[in-house]
*Asks:* 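Handing you a structure now.
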There are 2 protein chains.
Amino acid sequence: MADTKEMNYEEPGVTVDVVIFTISEDRLNVLLVKRNEEPFRGRWALPGGFLLQGESLEGAVKRIVDQKAGLKASYFEQLYTFGQPDRDPRSRVITVAYFALVPWTRLPEPVSPKVAGVEWTPTVYLPELAFDHNRIVFYAVERLRAKIAYSSIAVGLLPTMFRLSDLQRLYEIILGRELDKRNFRKKMHATGLLEETGQREIIGAHRPAMLYRFKEKKVVNID
Amino acid sequence: MADTKEMNYEEPGVTVDVVIFTISEDRLNVLLVKRNEEPFRGRWALPGGFLLQGESLEGAVKRIVDQKAGLKASYFEQLYTFGQPDRDPRSRVITVAYFALVPWTRLPEPVSPKVAGVEWTPTVYLPELAFDHNRIVFYAVERLRAKIAYSSIAVGLLPTMFRLSDLQRLYEIILGRELDKRNFRKKMHATGLLEETGQREIIGAHRPAMLYRFKEKKVVNID
DNA sequence: CCAAAAGTGTTATTGATACACCCATGC
DNA sequence: GCATGGGTGTATCAATAACACTTTTGG
């Protein structure tokens with residue numbers, strides 16, 4: 001029993017890990033970073049880090065998203081706190097997991113950012129991650145799926161103006177099933193959260209689509 | 001990502017606080033303990049404590065519920081993690097809040113336990129608590145209210161056998177509004193989670209009620 | 001005029017709500 | 001026989017699901 005954990009009565013470390021989602025290439029993607037240090041050197045992991053002096057949890061999330069991903073999330077919320085004693089093989093670390101949303105239009109690069117060791121990965125092709133991060137991503141996808149049904153969380157994944165077909169595709173990607181166009185549009189209009197911008201899409205050899213925006217920029221619970 | 005800790009990272013303390021609910025006297029009640037130490041000496045607070053070496057978060061919850069309340073919760077789940085830098089005036093402490101359910105039949109004493117400095121308090125008459133504990137209780141009540149609508153979380157607050165009118169009163173207390181008897185019973189039967197025990201209530205100058213039990217002892221999401 | 005996506009209503013089914021009386025028992 | 005809670009069904013309304021064709025544009 002001569003490991004560090006037992007010898008000095010250290011308090012558990014506290015980290016914040018963030019599941020950053022974006023929709024791109026008709027897939028739900030998560031941002032992963034390649035670890036340079038032990039444990040799990042060379043493995044992919046969620047962006048995260050230790051909580052700093054006097055820093056709030058939300059502050060840490062913003063810092064991590066900015067540092068690791070070089071962008072600003074348009075929405076984030078706390079997911080769950082994971083504290084199994086053996087989740088970090090070296091020392092006791094509990095992690096407060098968050099998930100964050102970024103519209104694809106804010107990404108520095110279309111799919112893969114140029115920063116070495118940082119990559120957007122489709123959730124359906126997730127590799128084996130460091131620590132218990134697969135479980136965290138799983139949780140996050142579940143939460144996202146649940147919330148899209150009864151809230152306007154989609155705001156966080158869309159640019160300020162979008163076509164209804166964009167919105168519908170977003171729902172379909174997250175829910176993993178096709179939706180009926182007429183019912184979908186009826187329901188979206190019924191929420192009262194959308195408004196026409198008056199502008200129309202410019203490109204395409206087809207009838208131009210009306211561009212919409214969300215009235216509230218904040219995520220709102222429906223019904 | 002849990003990097004190896006470095007010197008310049010602060011080690012925040014990690015506590016677990018538990019909102020323990022029971023239904024009694026037609027009220028939703030929370031267990032509070034009176035603080036003997038600074039800060040907030042003499043104030044009521046949620047039962048809680050620091051995470052011990054090698055102890056899981058769930059282990060800590062069980063320990064706290066057992067030590068402080070002298071009972072076993074029939075259900076608990078993680079609520080939220082509160083980490084504002086100033087939430088503890090002395091040092092940095094982040095707390096992982098849980099809520100727990102106990103059926104009134106398991107209480108050592110009908111309403112107030114005899115342990116000094118521990119008291120069941122109706123959520124509607126909550127005093128000003130230590131730290132950010134009022135906020136935590138508020139969150140917990142919200143969660144309980146939300147979950148009772150779409151899960152069988154009520155299992156945790158009822159004895160193994162109960163009348164349908166007990167179940168309905170429980171829903172009414174938590175939701176804070178009256179429910180229609182016929183619709184309520186229809187809906188409960190429709191979940192398929194209840195079964196008749198064959199036994200009937202023994203007391204009362206009225207038609208004896210059928211006693212029911214939950215088929216699953218675990219909390220289950222409905223629909 | 002062809003391809004491609006935009007846009008639009010009606011019907012059927014399901015679930016939610018509103019509502020009032022008879023039943024079995026103890027005293 | 002009366003007070004007390006137990007127990008039951010139907011009709012209306014709202015929400016959801018299924019389903020197909022016309023419109024506007026670019027090339």
Side-chain angles (χ1 to χ4, degrees), chain A residues 23 25-26 145-146 148-152 154 158-159 161-213 220-223, chain B residues 23 25-26 145-146 148-152 154 158-159 161-213 220-223:
Chain A
I23 299 273
E25 316 274 294
D26 266 4
R145 215 167 258 169
I148 205 169
Y150 66 87
S151 79
S152 66
L158 287 171
M161 287 190 208
F162 51 86
R163 300 168 298 172
L164 286 182
S165 58
D166 294 327
L167 185 61
Q168 180 174 347
R169 189 144 49 250
L170 189 150
Y171 270 74
E172 290 176 336
I173 291 165
I174 292 172
L175 295 175
R177 65 190 159 91
E178 304 212 326
L179 301 172
D180 179 85
K181 183 159 61 153
R182 281 170 293 186
N183 292 338
F184 180 80
R185 293 163 101 97
K186 208 187 310 172
K187 199 167 172 179
M188 284 302 133
H189 281 125
T191 64
L193 294 172
L194 296 179
E195 65 183 4
E196 300 188 349
T197 60
Q199 298 188 55
R200 289 172 178 281
E201 95 179 317
I202 14 51
I203 43 140
H206 52 78
R207 177 172 176 178
M210 173 62 72
L211 294 174
Y212 287 81
R213 74 166 77 88
V220 159
N221 279 0
I222 300 165
D223 101 353
Chain B
I23 299 273
E25 317 273 295
D26 267 3
R145 213 167 259 169
I148 205 170
Y150 65 87
S151 80
S152 67
L158 286 171
M161 288 191 206
F162 51 86
R163 301 168 298 173
L164 286 182
S165 57
D166 293 328
L167 185 61
Q168 182 175 345
R169 190 143 48 249
L170 189 151
Y171 270 73
E172 290 175 336
I173 291 166
I174 292 171
L175 295 175
R177 66 190 158 93
E178 304 212 326
L179 301 172
D180 179 85
K181 184 159 61 154
R182 281 171 293 189
N183 292 338
F184 180 80
R185 292 161 102 98
K186 207 187 310 173
K187 200 167 171 179
M188 285 301 134
H189 282 125
T191 64
L193 294 172
L194 295 179
E195 65 183 2
E196 299 189 350
T197 60
Q199 299 188 54
R200 287 171 179 283
E201 96 178 314
I202 14 52
I203 42 139
H206 52 78
R207 176 172 177 179
M210 173 62 71
L211 293 174
Y212 288 80
R213 75 166 76 88
V220 157
N221 279 1
I222 299 164
D223 100 352

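Values reported hereafter were calculated over all heavy atoms of this structure, with side chains retained and with hydrogens, waters and symmetry mates removed. Residue numbering restarts at 1 for every chain, and letters A, B, ... go by the order of the sequence lines.
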*Asks:* May I have the step-by-step check of side chain to side chain contact (heavy atoms under 4.5 Å, CB included) for R145(A) and L175(A), ending in yes or no?
*Replies:* CA-CA 6 Å; R145(A) 215 167 258 169; L175(A) 295 175; 3.9 Å; yes
*Asks:* Ignoring hydrogens, what is the shortest heavy-atom contact between Q168(B) and L179(B)? Give both atom names and the distance.
*Replies:*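 For Q168(B) versus L179(B), the nearest heavy atoms are NE2-O, 2.9 Å.
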*Asks:* Could you tell me the separation between the CD atom of E196(A) and the P atom of dG7(C), rounded to a whole number of Å?
*Replies:* 9 Å
*Asks:* Without decimals, in angstroms, what is the distance between H189(B) NE2 and dA16(C) C1'?
*Replies:* 18 Å
*Asks:* Indicate yes or no: at least one non-hydrogen side-chain atom of L164(B) is less than 4.5 angstrom from one of Y212(B).
*Replies:*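 In short, these two side chains touch, coming nearer than 4.5 Å.
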*Asks:* Please determine whether side chain to side chain contact (heavy atoms under 4.5 Å, CB included) holds for the pair R163(A) and M210(A), giving the CA-CA distance in whole Å, both sets of side-chain angles, and the decisive distance to 0.1 Å.
*Replies:* CA-CA 6 Å; R163(A) 300 168 298 172; M210(A) 173 62 72; over 6 Å; no
*Asks:* Less than 4.5 Å apart, side chain to side chain, heavy atoms only: is that true for I23(A) and R169(A)?
*Replies:*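 SC-SC contact between I23(A) and R169(A) ruled out.
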*Asks:* Whole-Å distance between dG5(D) P and M210(B) CE?
*Replies:*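 After rounding, the gap between these two atoms is 20 Å.
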*Asks:* Can you check side chain to side chain contact (heavy atoms under 4.5 Å, CB included) on T197(A) and F162(A), steps first, answer last?
*Replies:* CA-CA 9 Å; T197(A) 60; F162(A) 51 86; over 6 Å; no
*Asks:* Send over the distance from R163(B) CZ to dT4(D) P, rounded to a whole Å.
*Replies:* 15 Å
*Asks:* So for atom CD, which belongs to E172(A), do other residues, nucleotides or ligands contribute more than 12 heavy atoms lying within a distance under 6.0 Å?
*Replies:*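 Result for CD/E172(A): enclosed.
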*Asks:* Starting at CG of L164(B) and ending at C1' of dT8(D), how long is that distance when rounded to a whole Å?
*Replies:* 12 Å
*Asks:* Does S165(A) have a side-chain nitrogen or oxygen under 4.0 Å from the phosphate oxygens OP1 or OP2 of dA5(C)?
*Replies:* no
*Asks:* Rounded to the nearest angstrom, tell me the gap between atom NZ in K187(A) and atom P in dG9(C).
*Replies:* 20 Å
*Asks:* So, under a plain 3.5 Å distance rule, would you say the side chain of K186(A) forms a donor-acceptor pair with the base of dT16(D)?
*Replies:*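 Flag unset: no donor-acceptor pair detected.
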*Asks:* By nearest heavy atom, map K181(B) and D180(A) onto DNA chain C; which one lands nearer the 5' end?
*Replies:*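 Counting from the 5' end, the first nearest nucleotide belongs to D180(A).
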*Asks:* I'd like to compare against my own output: the B/S/- annotation of nucleotides 22-27 of chain D with a strict under-4.0 Å heavy-atom distance to protein.
*Replies:* -BBBS-
*Asks:* For dT8(C), take OP1 and OP2 only and decide whether either is under 4.0 Å from a side-chain N or O of R185(A).
*Replies:* no
*Asks:* Which listed nucleotide (dT16(D), dA5(C), dA18(C)) is nearest to the side chain of N183(B)?
*Replies:* dA18(C)
*Asks:* In whole angstroms, how far is the C1' atom of dA18(C) from the CG atom of L179(B)?
*Replies:*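 So the two atoms are 13 Å apart, to the nearest Å.
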*Asks:* Hey, does the side chain of R182(B) come within less than 4.0 Å of dA20(C)'s phosphate (OP1/OP2), counting only N and O?
*Replies:*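 No.
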*Asks:* Can you tell me the distance, in whole Å, between the CG atom of L211(B) and the C1' atom of dG5(D)?
*Replies:*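 The distance from CG of L211(B) to C1' of dG5(D) comes to 14 Å, rounded to the nearest Å.
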